[in-house]
Structures are given as structure tokens and as C-alpha cells.
Amino acid sequence: MSKSIEGVIASPGIVIGKAYIYRGDNIIIPKYTIPAEQVEKEIKRYDESVKKTKEEIKAIQSQIATSLSSDMADIFQSHLMVLEDPYMDQKVRETISKEKRNAEWVLNDFSLQLIQNLKSIEDEYLRERIIDIADINKRLINNLQKTHDESLADLKEEVIIIATDLTPSDTAMMNKKYVLGFVTDRGGRTSHTAIMARALEIPAIVGAQVATSLINHGDMIILDAIHGKIIVNPSKDEISEYEKYRDDLKQLENELATIIELPSHTLDNETVYIYGNIEIPEEMNIIRDHGAQGIGLFRSEFLFLDKSLPDEERQFEEYKRVVEFFTPHPVTIRTLDIGGDKIYAFTKQYKERNPFLGCRAIRFSLENEFLFRPQLRAILRVSALGNVKLMFPMISSVEEFLKAKSILHEEMENLDKAGIPFDKNLPVGIMIEVPSAAINIDIFCKYCDFFSVGTNDLVQYTLAVDRISEKIAYLYNPLNLAVLRLLKQIADVSNQNNIPLSICGEMAGEPKYTMLLIGLGYRQLSMSSAFMYQIKRIIRSVSVKECIEMTDYLLQLHNTYDIENAINQITIIKL
Ligand code: PEP
Ligand code: MG
């Protein structure tokens, strides 16, 4: 019998393949029941893992005995005692046979119970055994799952990755040839892992909560990232039904692709520009092939994934590739937005209690000029080669912007003195993604050359809802009236002041919001490639007038669900 699990669509598509459980640093406990006839096999699996774990411990002991001392090696004797404990052994066997639960589940429950009991005991020696038990439990479970190679870059066959969580760098480094799709228990639609999946066109579902408990390594999976569900061990009929669905979708996508030749005009002849968001230069082909008219957001931080930091020269080369590729179209390069869920090798040591409210983005750059200045120089130098714009992320006050701009001016003077060319009129703008910047938008109009609205963060900071939390994902809704009012205020004030305005949060790349954004006054939408064709189709099938009428109506509703229902009813006809 197949099982179905629900989650949040991070990147659309349908794929069918084998599950690959990726544990990263987490230990995953699959929980499932077994048929009576498989009890014996399950107990054998448990026996083998005990045997393997004993061998491992003995190997560690002898290694320590030769490299350190035999006294040190004796520490592991207590590990062996835990493993050889007849009570545990008998209890695990009995529970597997009686309750027909898988060995990982039984073992883990047993260890947790034991740890709980030991915690309440006064005896220090016994309490110290907690660590041994936890370690043995982990090893036994690892061996039960016959731990596989953990690097996603080294996969050898096509798989669907199932993980508790993936970091944005895990996703960026995936070998796209073999990763058909992925599912994570944690995360929300605007987590950077989800953003990477869309950018790389890897179908993905996040926030599935129980995926790692219910899916086993090697299970057959249908990843339906159109409806947000995962079917585990599907029947033959389900597989053939989905194969047909997948092929039909491909066909539809090919038909839609013909739209790239057509202009991005509304019925009443207003241009709505479609730009691309990119994370790594490799994505530029996908973006151009989908008909984008330039890059509205180049998230430069993804160049900083490695342990070795990219110096000015390497950054220059990477930016140059993108700028030359898109010339004469614009490329908006955003300075480093590190922090939040983008924690890299070199920032791991700065643990913060509230990373999204901490030393992130421009705050980090201003504190680390040794990284900021070379980045500014690289962007300035590349500005001589094409249509470049520079943008600072997470600006929350005018002072912060002026401080960043003064450092930029110092670097401009330095380049000038050295006779190195750059665009002296380089447009310098900011992301509007913190409510304070949105509220003070009229003030920022006096200082900035352009704005780009980052709704991913603007929604998170306005509603006080962590954008990567699957637990409160239901509260993360860009249609909350407070967000819509801020978006309208930003658009009204920027348009009155003739400040170029774009929107580059994930909202811009979702077809159901296209009419709303046009109605609110946005004419530059920057997005991943996922829905570019559909969005262009909507732009070409609506008038600005009807979008404004719809938006005015929505702005009078109070309840997010009413707004959502209304928008679904109106836009569904256009999709
Ligand atoms: C945003 O916040 O909307 C945005 C585009 O920036 P990021 O997703 O990289 O935080
Ligand atoms: Mg942001």
C-alpha cells in the first residue's frame, strides 16, 4: 500500500525515482510497522548492526591503544558493556516481535527510556553512562541504515533526496545530473534552500515534517511538486498515471515556451519587465532561455560558499561572465547578504540567538570591511563593461545606507587614482525588505537611485514570522493586509518620485500575485525561471485597469483568507 505525505512546494515539477536518505549532521529515525512474516528478517538486521557496531568499537579501541594508551582505550569498554547488555538485547527482540515495529524505532525508544531513567539517578558514574548510551544508539542506527556516502556531489545514480533539512550550500553543490528532486522535513517556501531548488529547476517539497520518518532509503517515490505531495511506494497504476502527467506537463511547458518571442505588454500596452534572479553564474543560461530582460537580483553571497573566500579578482571574473552575457540588459548585483539561513563555512563560528535579526547582510559587510571593500571594487570594475547596478541588502536606516555609500565612494576614488575604469554614474539602490525602510520610503527617495522590494524578508519582518519555519508557515502570508499596504505605499511613493522600482522576492515569481503586483504599481518583476512563461502569459492577457480594480477591491478586505479566496477566484481564470 502506498503512503502519501504532504508538504510545501518549493520548486515545481513531477519526478519519479528512488529515495536517498541524506542525513547530513542529523540522525534520522525511520518509524514503520512490519508484516509478521518479516519479523525474523528485522531481528537479523538488528543482530547485524550490533555485530558491526561491536567491530567498530573494538577497532577504535585498538587504534587508541596503539596511538595513545591502553588506559584511554578502556574508556570504550563501557560502550561494549552497553552493547552486550542482555536486558537490552532481550527487550529489543521482544518488542520487535510483539509490536512489529522496525528496529531503529524500537532501539531509539529503548535508549530514550533508559536515558530518561538514568537522568533521575544520583549516582554520577551511572549518569555518565548517558553519553555512552546515546553514542551507541547513534552507531546502531547508523549501521542499521548502512550509512551511505554523504556527499551530494558524489552521487552515482539518479535519486530523490530525503533530508531533515538541507543548507543552501548543500543544495548549490548537488550534482544536478543525479538529483531528480528533494524533500525536506523542515523549511518554508522562501528558505534559501527552496530558492536554490527553483533556481536550479530541481523539483522540491519542503516542510514535509515526517518525510524522514516515513521514507526509507531505496523506497520508490513519486514527488508531486505540483500538488505538494509525496507518494511512497506507489502502485504500478499510480506510476503510469504520473508518468503520463509528467509528460503532459513537459508538453505544456514546451508550448508555453513559444511566448518568449512575444513582448511583455499588458492589453492596454504597458510594459511589465521580467528580470531574473540568480544565485550562481551557471544559472544565467536558464534565465536567458526563459526570455528575461536582464538580472534584477544577483545574490552574490553564493560565491562565498567555499571555505576559501573569493578575492576581488575571482569576484570580478564571476560578475564579468554574467554582465557580458546579458549586455546590453541590466545586471543588478547585490552585495553580500550573509547570515540568517545563509551560514557559510567562514561564518559558522559566529553563532547568534536570532540570526535573522542579527549581524546579517549590510550589517555584516559594514563590520567586515576586509570583505566589503574588495566586493565593491570588483562590482565597480565590472560596471565599466556593461549595464550594472549595485544594491545593498537589508538597509534599515538612512545612516546605514550613507555609511555603505561613503565606503563605496572611497573605493571609487581609489580606483580613479589608480586609473582603473568604472561607471561613474553607477546606479546605487537598496533592497526594501525591512519595515523601517518601507515606512521611510519617502526619505530614501532622496538618497537612492532605485529600489528593489524583497518580499521574502519584508513579510517575515512585518508579520514577525520566521520565513524558514515549517511550524508557523501558515502565518507566513504575503496577502496579509499589512504587507499589501506597505507594498502599495512603497510603489505609490517611488512612482510619484520617479525612483525606478522593482520587486525581487518570491512573490514576484508566483503567477497568482502577478495581477495584484501590477495593480499595486509594480512594472519590474524579478524572479527565478520557474514560472516566467506563465507570468508573461498573464501580463499579456490583462489590462492595467482591471488589475487596479482588482487590487482596490482586495485592499478593502480585512481578513487574509478573504483576500486569498478573492485572488484565487479572479486569477485562476487567467492562469
Ligand atoms: C527577499 O528578502 O525578498 C530577497 C529577495 O532576498 P533574500 O531572499 O536573498 O533574503
Ligand atoms: Mg532578503
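Below, each value reflects all heavy atoms present in this structure, side chains not excepted, and no hydrogens, waters or symmetry copies. Whatever order the structure lists ligands and atoms in, that order sets their numbers, starting from 1. In this text, all values refer to a predicted model and were calculated from it rather than measured experimentally.
- Inter-residue side-chain proximity for Val206 and Leu166 is flagged as unmet; no heavy-atom pair is nearer than 4.5 Å.
- Within the structure, ligand 1 lacks Thr190 among the residues with a heavy atom less than 4.0 angstrom away.
- Ion pairing between Glu318 and Arg321 holds under the 4.0 Å rule for side-chain N and carboxylate O.
- Within the 4.0 Å heavy-atom criterion, the part of Arg360 lying near ligand 1 is the side chain and not the backbone.
- Contacts with ligand 1 closer than 4.0 Å are made by no heavy atom of Val453, backbone or side chain.
- Side-chain atoms of Gln375 and Tyr319 include a donor-acceptor pair closer than 3.5 Å.
- Side-chain contact check for Asp492 and Gln489: no donor-acceptor pair (N or O, by modelled atom type) lies under 3.5 Å.
- Nearest to atom 6 (O) of ligand 1 among the protein's heavy atoms is Arg334 NH1, 2.9 Å.
- In this structure, His192 counts as a contact residue of ligand 1, since one of its heavy atoms falls inside 4.0 Å of the ligand.
- For the pair Lys389 and Phe450, the cation-pi criterion (under 6.0 Å, within 45° of the ring axis) is fulfilled.
- Counting heavy atoms only, Asp457 comes closest to atom 10 (O) of ligand 1 of the residues Asn456, Val459, Asp457.
- The Mg ion (ligand 2) has an N, O or S atom of Glu433 under 2.8 Å away, backbone or side chain.
- Contacts of Met431 with ligand 1, taken as heavy-atom pairs under 4.0 Å, involve the side chain alone.
- Of all the atoms in ligand 1, the ones that sit under 4.0 Å from a non-hydrogen atom of Asp337 are 9 (O), 10 (O).
- Among all protein heavy atoms, the one lying closest to atom 5 (C) of ligand 1 is Arg299 NH2, 3.4 Å.
- Distances from the Mg ion (ligand 2) to the N/O/S atoms of Asp457 are shortest for OD2.
- With a heavy-atom cut-off of 4.0 Å, Leu458 does not touch ligand 1 at all.
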Should Leu501 and Val453 be marked as a side chain to side chain contact (heavy atoms under 4.5 Å, CB included) after you check the CA-CA gap, both sets of side-chain angles, and the distance that decides it? CA-CA 8 Å; Leu501 172 70; Val453 182; 3.8 Å; yes
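- Those atoms of ligand 1 with a heavy atom of Gly454 less than 4.0 angstrom away are 1 (C), 2 (O), 3 (O).
- Salt bridge Glu411/Arg381: absent, no basic N to carboxylate O contact under 4.0 Å.
- Expressed to the nearest 0.5 Å, how far CE of Met391 lies from OG of Ser300 amounts to 9.5 Å.
- A salt bridge links Arg360 with Asp457: the closest approach of a Lys/Arg side-chain nitrogen to an acidic carboxylate oxygen falls below 4.0 angstrom.
- Using a 4.0 Å cut-off to heavy atoms of Leu297, the atoms of ligand 1 that qualify are 5 (C).
- For ligand 1, the atoms sitting less than 4.0 Å from at least one non-hydrogen atom of Cys504 are 5 (C), numbered in the order shown with element in parentheses.
- By the 4.0 Å N-to-carboxylate-O rule, Lys320 lies too far from Glu313 to be salt-bridged with it.
- Within the 4.0 Å heavy-atom shell around ligand 1 one finds Arg467.
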